[in-house]
**Student:** 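Below is a structure I'd like to ask you about.
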Amino acid sequence: MKILVATEKPFAPVAVKQIREVIDAAGYELALLENYKSVQELFTAVSDAEAMIVRSDMVTSDVLNAAKKLKIVVRAGAGYDNLDLPACTAHKVVAMNTPGQNSNAVAELAFEMMLYQARNGFSGKSGVELRGKTIGIHAFGNVGRYVAEIAKGFGMKIYGYDPFVKDEVLKAAGVTVCKSPEELYSKCQYVSVHIPANDKTKKSIGYALLKSMPKDAVLVNTARKEVIDEEGLLKIFEERKDFTYLSDVEPDCKAVFEEKYKGRFIFTAKKMGAQTEEANINAGVAAARQIVDYFKTGNEKFKVNK
Ligand SMILES: NC(=O)c1ccc[n+]([C@@H]2O[C@H](COP(=O)([O-])OP(=O)(O)OC[C@H]3O[C@@H](n4cnc5c(N)ncnc54)[C@H](O)[C@@H]3O)[C@@H](O)[C@H]2O)c1
């Protein structure tokens, strides 16, 4: 049984070592295609593979046509828009992702930005503390849960809103349940955003919600820039000098921030929430384990195609 790891941008060597250990222990064979320069190389490598692990590599119908023996492809990571799901289904290939493996990395980044801002970029100017402050967790999924855990350690008062998660789950994590985004934003000085970007959530965080936030409001976005209504955000920045925006990815209106609101924002140069060695290892090893489990027991828990 051949498991191909096809990565245009390779995993860290330590991650490959651990993936190999999982595959060896199952009695399967690992094939590595790293740093490939043409899709032709991928076609050749995948031609006799039963399973494939990818990162951001495109798995198109052409790749699947070349993969005559492929039964399963796993994207090591949460997002899977690089997998052509209908084509996977048409080729009877199970497609999976590895949700939750980078969530701690993303949650830590939210706090890294909050701490850096709270101490004025370590400039020497007196800052503020997080202890005792209110934080609202907007969506209590994999990342939101880690944010709650870290916030607890900082002694923050934690609120959460997620209509798809039972109140008991939030309560068990020490989170006070809010019944609407309006309640969450109006109660919390800090709000950390973790909703997915979809038709319902795109541009859903705008002027009205942000205006309701208490004094010295800090909006932290490690989700997607699309969920923010940037027009409303700019209006708030114009009206409120006490408002700060921390984001893991630059907004489209970045130039306006740079021109007018120096010191009141942090934008990472490149989406880097999941960019840690640990997240890299976790996602790769989870992918290998899911493949082994699928072949040994038929477990399809993380299947994303129909
Ligand atoms: N910065 C990064 O590098 C990075 C990495 C991973 C994920 N992300 C982003 O973070 C988001 C959250 O990731 P996750 O792993 O926690 O996802 P997840 O799927 O585990 O959790 C998403 C949560 O959002 C909730 N939700 C959906 N619609 C909602 C709504 N309208 N209002 C409130 N809650 C709603 C769901 O119930 C779920 O609990 C992802 O969608 C992705 O956009 C960013």
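Atoms within each ligand, like the ligands themselves, are counted from 1 in listed order. In this chain, residues are counted from 1 in sequence order.
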**Student:** Hey, is N198 touching ligand 1 through its side chain, its backbone, both or neither, going by heavy atoms under 4.0 Å?
**Tutor:** neither

**Student:** Can you measure from CG (L109) to CG (N104) and round to the nearest 0.5 angstrom?
**Tutor:** 11.0 Å

**Student:** To the nearest 0.5 Å, tell me how far I53 CD1 sits from I19 CD1.
**Tutor:** 5.0 Å

**Student:** Should the pair K235 and Y207 be classed as cation-pi, given the thresholds of under 6.0 Å to the six-membered ring centre and 45° from the axis?
**Tutor:** yes

**Student:** Check whether any N or O atom of T201, backbone or side chain, sits under 3.5 Å from an N or O atom of ligand 1, and answer yes or no.
**Tutor:** no

**Student:** Determine whether the aromatic ring centres of F140 and H194 lie less than 6.0 Å apart.
**Tutor:** no

**Student:** Which protein heavy atom lies closest to atom 22 (C) of ligand 1, and at what distance to 0.1 Å?
**Tutor:** H194 O, 3.8 Å

**Student:** Applying a heavy-atom cut-off of 4.0 Å, say which part of A78 lies close to ligand 1: side chain, backbone, both or neither.
**Tutor:** neither

**Student:** Should you measure from each heavy atom of F140, which atoms of ligand 1 turn up under 4.0 Å away?
**Tutor:** 39 (O)

**Student:** Do F267 and F257 have ring centroids that are under 6.0 Å from one another?
**Tutor:** yes

**Student:** Nearest protein heavy atom to atom 19 (O) of ligand 1: under 4.0 Å?
**Tutor:** no

**Student:** Below a 4.0 angstrom heavy-atom separation, can you tell me which part of V143, side chain or backbone, both or neither, approaches ligand 1?
**Tutor:** both

**Student:** List the atom of R75, the atom of N82, and the distance in Å for their closest heavy-atom pair.
**Tutor:** CD-OD1, 3.6 Å

**Student:** Given that the side chain starts at C-beta and the backbone is N, CA, C, O, which of these parts of N142 lies under 4.0 Å from ligand 1, counting heavy atoms, or is it both or neither?
**Tutor:** both

